[in-house]
Amino acid sequence: MSEEKTKILEMLSNGKITVEEADKLLNAVGNEKMLEQKNVPTDNTGSKFMYINVEPKEGKSSERVNVKIPFALMKAGLNIAGLIPKEAQDKINEKMSDKGMSFNLSDLKPENVKELMDSLEEFTVDVDSDDSIVKIFCK
Amino acid sequence: MLFMMLVTKIKSNNHNINLYIPLILVFILYLIIAVFCLIAYPFLFLNYKKTVLPRWYLKVFFYLPKLISSAKGTYVEVISEEDNIEFYLK
């Protein structure tokens with residue numbers, strides 16, 4: 001058992017963290033180790049990434065998928081929205097409101113994008129299905 | 001973008017393919033098209049109202065190097081029983 005996992009279990013037994021928190025920490029350590037083992041190319045610039053991992057359950061033959069997307073790419077993609085001409089933006093907004101999404105593309109300012117990126121750091125999605133486990137997280 | 005490398009690795013039971021594509025090749029191609037775009041850009045202002053979309057396409061085109069540069073570190077890996085596909089930008 002790794003040192004990190006032992007520490008987490010000690011904290012749990014001492015009552016410093018809850019079972020849910022311990023589960024999250026163990027998952028985070030597991031994902032980190034998994035990416036290290038796979039020699040995923042990393043940069044040392046301190047940049048943030050969104051990770052999407054799909055792990056098949058034991059005995060299931062579905063594919064294993066690992067995706068790592070830099071925040072900078074998402075930010076650049078969102079910034080393109082600012083380049084969309086007003087006429088096209090109006091059409092997009094109209095179509096989106098028809099579908100019940102009252103979202104105004106012109107409201108997507110650089111400071112909003114930064115705020116969105118900052119809040120994504122806390123973002124985690126865990127899906128446990130019959131065939132596989134999907135984990136989406138940012139760090 | 002200049003010093004980036006696109007790496008694609010495909011491993012299957014019978015084949016093993018590794019592709020290393022330096023993005024400087026893409027950049028050279030981009031530069032050639034960009035020169036033509038720069039020449040065409042002022043002419044689009046002659047008919048300002050009817051050239052909204054082409055001008056937007058050109059703006060997006062000029063934004064492409066930044067978009068590609070920010071993709072540095074992107075990593076995609078798909079492992080199945082038969083194949084192992086790995087794709088990343090470094």
Side-chain angles (χ1 to χ4, degrees), chain A residues 31 34-56 58-92 105 110 113 117 131-132 134-136 138-139, chain B residues 1-13 18-23 26 30 34 37 41 44-45 47-90:
Chain A
N31 287 326
M34 192 176 72
L35 291 171
E36 276 171 17
Q37 280 166 5
K38 287 175 188 304
N39 292 323
V40 174
T42 52
D43 59 353
N44 299 319
T45 56
S47 41
K48 291 162 189 159
F49 294 88
M50 176 184 267
Y51 295 86
I52 303 165
N53 297 331
V54 182
E55 286 286 324
E58 272 181 40
K60 303 285 177 181
S61 60
S62 59
E63 284 139 356
R64 179 177 289 135
V65 181
N66 293 309
V67 181
K68 193 177 110 178
I69 307 161
F71 268 28
L73 180 63
M74 291 193 277
K75 204 185 267 187
L78 285 170
N79 283 337
I80 282 186
L83 297 173
I84 299 173
K86 204 181 171 308
E87 292 84 347
Q89 276 189 17
D90 291 343
K91 278 184 189 172
I92 294 167
L105 269 179
V113 173
M117 291 293 135
D131 295 331
S132 54
V134 181
K135 283 178 198 282
I136 304 172
C138 303
K139 68 175 179 181
Chain B
M1 180 185 172
L2 277 174
F3 305 107
M4 279 165 68
M5 181 88 84
L6 171 70
V7 182
T8 309
K9 293 178 180 175
I10 301 164
K11 287 176 197 166
S12 68
N13 294 337
N18 292 339
L19 277 175
Y20 296 85
I21 305 163
L23 286 193
V26 180
Y30 173 85
C37 288
Y41 198 65
L44 295 177
F45 285 90
N47 197 348
Y48 192 82
K49 281 185 180 171
K50 284 189 176 176
T51 56
V52 174
L53 274 180
R55 275 187 283 120
W56 176 65
Y57 290 137
L58 284 185
K59 271 186 194 169
V60 172
F61 179 75
F62 291 130
Y63 191 76
L64 272 181
K66 195 185 173 189
L67 193 70
I68 295 172
S69 304
S70 55
K72 190 176 184 177
T74 302
Y75 180 87
V76 179
E77 184 186 37
V78 181
I79 304 166
S80 68
E81 283 174 357
E82 288 146 13
D83 306 303
N84 184 357
I85 300 164
E86 207 178 339
F87 161 92
Y88 58 90
L89 275 163
K90 64 173 184 176

side-chain hydrogen bond (donor to acceptor under 3.5 Å, both in side chains) partners for A:Asp90, two or more places apart: A:Lys86
Atom pair CD1/OG of A:Ile69 and B:Ser70 - distance to nearest 0.5 Å: 12.0 Å
A:Glu63 to B:Ser80 - nearest heavy-atom pair and separation: CG-CB, 3.3 Å
Crowding at OH, B:Tyr48 (>12 non-hydrogen neighbours, <6.0 Å): no
Counterpart residues, ring-ring contact (aromatic ring centres under 6.0 Å, His included), relative to B:Phe61 (two or more places apart): B:Tyr30
Donor-acceptor contact present, side-chain B:Tyr63 to main-chain A:Gly77, <3.5 Å: no
Contact summary for A:Leu73 and B:Leu67, nearest pair of heavy atoms: CD1-O, 3.6 Å
Spatial distance of atom CZ (A:Arg64) from atom CD (B:Glu77) [nearest 0.5 Å]: 8.5 Å
